[in-house]
Structures are given as structure tokens and as C-alpha cells.
Colleague: 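Okay, here's the structure, questions in a sec.
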2 protein chains.
Amino acid sequence: MSTEDLLRLDLQLCFPLYAASRAMVQAYTPLLAKLGLTYPQYLVMLVLWETDGVTVKELGEKLYLDSGTLTPLLKRLETQGFVRRERSTEDARSVTVSLTPQGRALRRKAASIPEAIVCRTGLTLEELARLRKDVQRLFEKISK
Amino acid sequence: MSTEDLLRLDLQLCFPLYAASRAMVQAYTPLLAKLGLTYPQYLVMLVLWETDGVTVKELGEKLYLDSGTLTPLLKRLETQGFVRRERSTEDARSVTVSLTPQGRALRRKAASIPEAIVCRTGLTLEELARLRKDVQRLFEKISK
DNA sequence: TCCAATTCAGTTGCGCGCAATTCAATTGTG
DNA sequence: CACAATTGAATTGCGCGCAACTGAATTGGA
């Protein structure tokens, strides 16, 4: 393949990835708006619904986001009444994030979202699982 | 699969897509920084290197971005001296974006980037082509 | 024990993305 | 032709992402 070809927009992997990621977030947006969440906020809630009481650092490791992104995002979730943020007693450098009852309750309202998105893709669960694995593999290759 | 499972972060397609897309942009960032470009600016340049003299609307259609994103981005490219923006004479509502000699020259400097990224993924061109097609198909399904 | 190095969250600054709005130019219809 | 509807770019406002930095708390080595 020539350099010319490699510089063509439609032949690069990155652009479809970038476009698909944004389109995915846009598909979630109206569903999440009903809960009062943005997509990154939803990701934080997914982590907390699975493991309540995590530090900002742990959230960052799971979501690949830094404190510059998480701190203001968590403050907004706190203002909304979905989470509490408190300095850890055993290590005062870290901050523990935990769900409020309201934050826990939100999980039920979110329960219907994944299926709605799966339907939207029009792919079978097998196709989705394979694509997810491929994209994950790509991510691992790139991110080191 | 249960609702519980569907809400698990690691089982969703969207999160790996989101993480991979950001990781990809991060892989481009140091290479593009040498040219004075961000990743979205690079996408605009890719379009212009292929088809010089396009309107903001056409750019938006190719990149799935609106004027709210493009107008300030194009102003920054203009300030850098890579593009010119001028009101169309036949339709004064639209603005035509074209390359400056400096913008055209940038293409040669960018020529080595796609291959560097391909190497970074550690995938064969066949694997990349297949993944690109799958992601494109997903994008088309979602974005309507 | 002391103190330099590290860690963790927070802050600042900037460039997207995108919804919503504005305004001027153009188009289409009676 | 008139004028309402549409189109295209620009603007505003907000929430990310992320690099770079700050400052406080903790750790680890001499």
C-alpha cells in the first residue's frame, strides 16, 4: 500500500473507531439524560454499582481517566446526590467515593439501557462479544 | 444473560470502544505534536489533502462534526497558517476552506504517521482491515 | 529518626464535541 | 415579486479529556 493510500481518511482504522465511539455515546445520551447522567458519569456509576466505596485512584485505573477528569465529574455527581466523597481515614491523601441511597436506586432505572443499546447495534450477542474482544485486544496493544 | 451481567463494565462494547478510541488518539498525539496538529485537526487536514477547497458543511459531512466544533478548529488552523477560510462567492452562506502552501507542505511530514500507528497496533494489515470494516459497520448501524 | 522521593487529589488551561440559539443568505411557493 | 421556510456558519455554554502543575500526606532509605 502506498503512502498516499495510507493517508486516506477512509482507510485508517482510527477514524472509524473515533466516529463509532462518538456515535455510541450519542446513542446512550438520550437514555442517560432521563437519569440525569452523562456517559462518563454513567461509567463511574457502573463501577460503583459493582464495587461501592472506591478511591479516585481506583476509579481512574478502571476507567483510564485521571484526577483532572474525575475530580470535577465526581463533584457534579455529588451535587446531584448520587455519590459521597470523603477523605480516607487510613490514608488522608486518598478520597473514597461511595453511593448514596439515591445513587444505588438509580441502578434499577439504568437496567434497561444495555439491552436497548444492543438492539440499536442490530448485532447478535456473539458478534458483539467478538467485536468487543477485538477492540479490547487493540486497546491493550496500543495503550502500552 | 442477566441484567446484572449486562450492567458490568467489562461486558459492554461501548467502554472498550471509548477506551480504544482515546488510546488511539494518544498514540497519534506525540507524532502530530511535531507538526503542530491535534488529532481532530489532522482529520481535517486529511480531508483537505485529498480534496482541497471544501466547505465547512462538506467537512462536517465527512467527519461527522458540526460547525460548533469546526469553526473554532478551522480558525486555529488558519492562525497556524495551514488553511485559508473565505466566504463562497456563489453562495455567501457557505465558507470554503483551502490549503495554504504551508498546509500542503505538511503532508510530506505526515507521510510517516500511518505506518507508525499500524506498527504500534502490532496487527497485520489484513487484521486491521477486517477490524476497520467491523467498526465501520457498527458505526453505520448506530448512527441512524 | 530525618528528609528526600513518591503518591494522591485537586487545580488550571486548552481543545474538542455537541446542544441550542442567532443571523444572514438563499430557496421555494403562492 | 413577496415572504415564509430553509440552509449554512457562527456563537454560547457546558462537560469532558488530558497535560502540567501544586500541595499535602505518606513512604522508604541513609
Side-chain angles (χ1 to χ4, degrees), chain A residues 14-15 17-30 32-33 36-45 54-61 63-80 83-97 143, chain B residues 14-15 17-30 32-33 36-45 54-80 83 85-97 143:
Chain A
C14 191
F15 177 60
L17 208 60
Y18 164 83
S21 176
R22 287 189 293 127
M24 267 291 199
V25 170
Q26 282 186 47
Y28 277 90
T29 298
L32 292 174
L37 294 176
T38 65
Y39 180 73
Q41 289 167 10
Y42 170 67
L43 293 179
V44 167
M45 296 304 284
V54 295
T55 64
V56 173
K57 177 183 162 60
E58 287 164 342
L59 269 175
E61 284 167 355
L63 301 177
Y64 311 103
L65 292 171
D66 69 4
S67 65
T69 301
L70 288 173
T71 298
L73 185 156
L74 291 169
K75 281 184 181 173
R76 284 186 285 269
L77 283 179
E78 192 175 36
T79 301
Q80 293 238 56
V83 307
R84 275 177 300 119
R85 300 184 313 130
E86 37 199 2
R87 284 277 156 196
S88 165
T89 45
E90 61 262 25
D91 186 342
R93 287 172 304 181
S94 65
V95 165
T96 303
V97 183
S143 67
Chain B
C14 192
F15 177 61
L17 209 59
Y18 164 83
S21 175
R22 286 190 293 126
M24 266 292 198
V25 171
Q26 283 186 46
Y28 276 89
T29 297
L32 292 173
L37 295 176
T38 65
Y39 181 71
Q41 289 167 9
Y42 171 67
L43 293 180
V44 168
M45 295 304 283
V54 296
T55 65
V56 172
K57 177 182 162 60
E58 288 164 343
L59 269 175
E61 283 167 355
K62 282 179 194 281
L63 300 176
Y64 311 104
L65 292 171
D66 68 4
S67 66
T69 300
L70 287 174
T71 297
L73 186 156
L74 291 169
K75 281 184 182 175
R76 285 186 285 271
L77 283 180
E78 191 175 37
T79 301
Q80 293 238 54
V83 307
R85 299 185 313 131
E86 37 200 1
R87 282 279 154 196
S88 165
T89 45
E90 62 261 24
D91 186 342
R93 286 172 304 180
S94 66
V95 165
T96 303
V97 183
S143 66

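Letters A, B, ... mirror the listed sequences (proteins, then strands); counts begin at 1.
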Colleague: Hey, mind stepping through B/Leu65 and B/Leu59 against side chain to side chain contact (heavy atoms under 4.5 Å, CB included) and telling me if it holds?
Modeller: CA-CA 8 Å; B/Leu65 292 171; B/Leu59 269 175; over 6 Å; no
Colleague: Angle between the end axes of the helix from C/dT1-D/dA30 to C/dG30-D/dC1, five pairs per end, to the nearest 10 degrees?
Modeller: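 Helix axis angle between the two ends: 10°.
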Colleague: Would you mind reading off the distance between A/Gln26 atom CD and C/dG17 atom C1', rounded to a whole angstrom?
Modeller: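 Taking atom C1' of C/dG17 as the reference, CD of A/Gln26 is at 9 Å.
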Colleague: Whole angstrom is fine here: how far is it from CG in B/Leu63 over to P in D/dA9?
Modeller: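 From B/Leu63 CG to D/dA9 P: 13 Å.
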Colleague: Respond yes when some side-chain nitrogen or oxygen of B/Tyr64 is under 4.0 Å from OP1 or OP2 of C/dC18, and no when none is.
Modeller: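 Checking B/Tyr64 against C/dC18: no side-chain N or O falls below 4.0 Å of OP1 or OP2.
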Colleague: Roughly how many Å is it from CZ in B/Phe15 to P in D/dG17, rounded to a whole number?
Modeller: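 About 11 Å, once rounded to whole Å.
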Colleague: Using only atom types and a distance under 3.5 Å, with no angle test, would you say the side chain of A/Arg84 pairs donor to acceptor with the backbone of A/Glu78?
Modeller: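 Such a contact is absent between A/Arg84 side chain and A/Glu78 backbone.
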Colleague: With a 4.5 Å limit on heavy-atom distance, are the side chains of A/Leu77 and A/Leu37 in contact?
Modeller: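 SC-SC contact between A/Leu77 and A/Leu37 confirmed.
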Colleague: Is there a side chain to side chain contact (heavy atoms under 4.5 Å, CB included) between B/Tyr28 and A/Cys14 once you walk through the steps?
Modeller: CA-CA 9 Å; B/Tyr28 276 89; A/Cys14 191; 3.5 Å; yes
Colleague: Taking the side chain as every heavy atom from C-beta outward, state whether A/Thr55 and A/Ser88 have any atom pair closer than 4.5 Å.
Modeller: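 Of all side-chain heavy-atom pairs linking A/Ser88 with A/Thr55, none is under 4.5 Å.
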Colleague: What's the OH-P distance between B/Tyr28 and C/dC16, to the nearest Å?
Modeller: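 Checked: the OH to P distance equals 16 Å.
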Colleague: Quick one: closest heavy-atom pair of A/Pro72 and A/Ser67, and the distance?
Modeller: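 Minimum heavy-atom separation between A/Pro72 and A/Ser67: CD-O, 3.8 Å.
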Colleague: Any side-chain heavy atom of A/Thr38 within less than 4.5 Å of one from A/Leu32?
Modeller: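 Answer no - side chains too far apart.
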Colleague: Rounded to the nearest Å, what distance is computed from the CE atom of residue A/Met24 to the C1' atom of nucleotide C/dC18?
Modeller: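 A/Met24 atom CE is separated from C/dC18 atom C1' by 19 Å.
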Colleague: Where along nucleotides 6-15 of chain C does protein come under 4.0 Å, by heavy atom, of base (B) or sugar-phosphate alone (S), with - for untouched nucleotides?
Modeller: -BSBBB---S
Colleague: Taking all atoms of both residues into account, what is the closest heavy-atom pair of B/Val83 and B/Leu74, and its distance?
Modeller: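 Heavy atoms only, the tightest pair is CG2-O, 3.9 Å.
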Colleague: I need the OH-C1' distance between A/Tyr18 and C/dC16, as an integer number of Å.
Modeller: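 For the pair A/Tyr18 OH and C/dC16 C1', the rounded distance is 7 Å.
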Colleague: Take atom CG of B/Leu59 and atom P of C/dC18, then tell me their distance rounded to the nearest Å.
Modeller: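 Rounded to the whole Å, the gap is 15 Å.
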Colleague: Between B/Glu58 and B/Lys62, is the closest basic N to carboxylate O distance under 4.0 Å?
Modeller: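 No salt bridge links B/Lys62 with B/Glu58.
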Colleague: Nearest whole Å is fine: how far is C/dC16 C1' from B/Leu32 CG?
Modeller: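 One finds 14 Å between C1' of C/dC16 and CG of B/Leu32, rounded.
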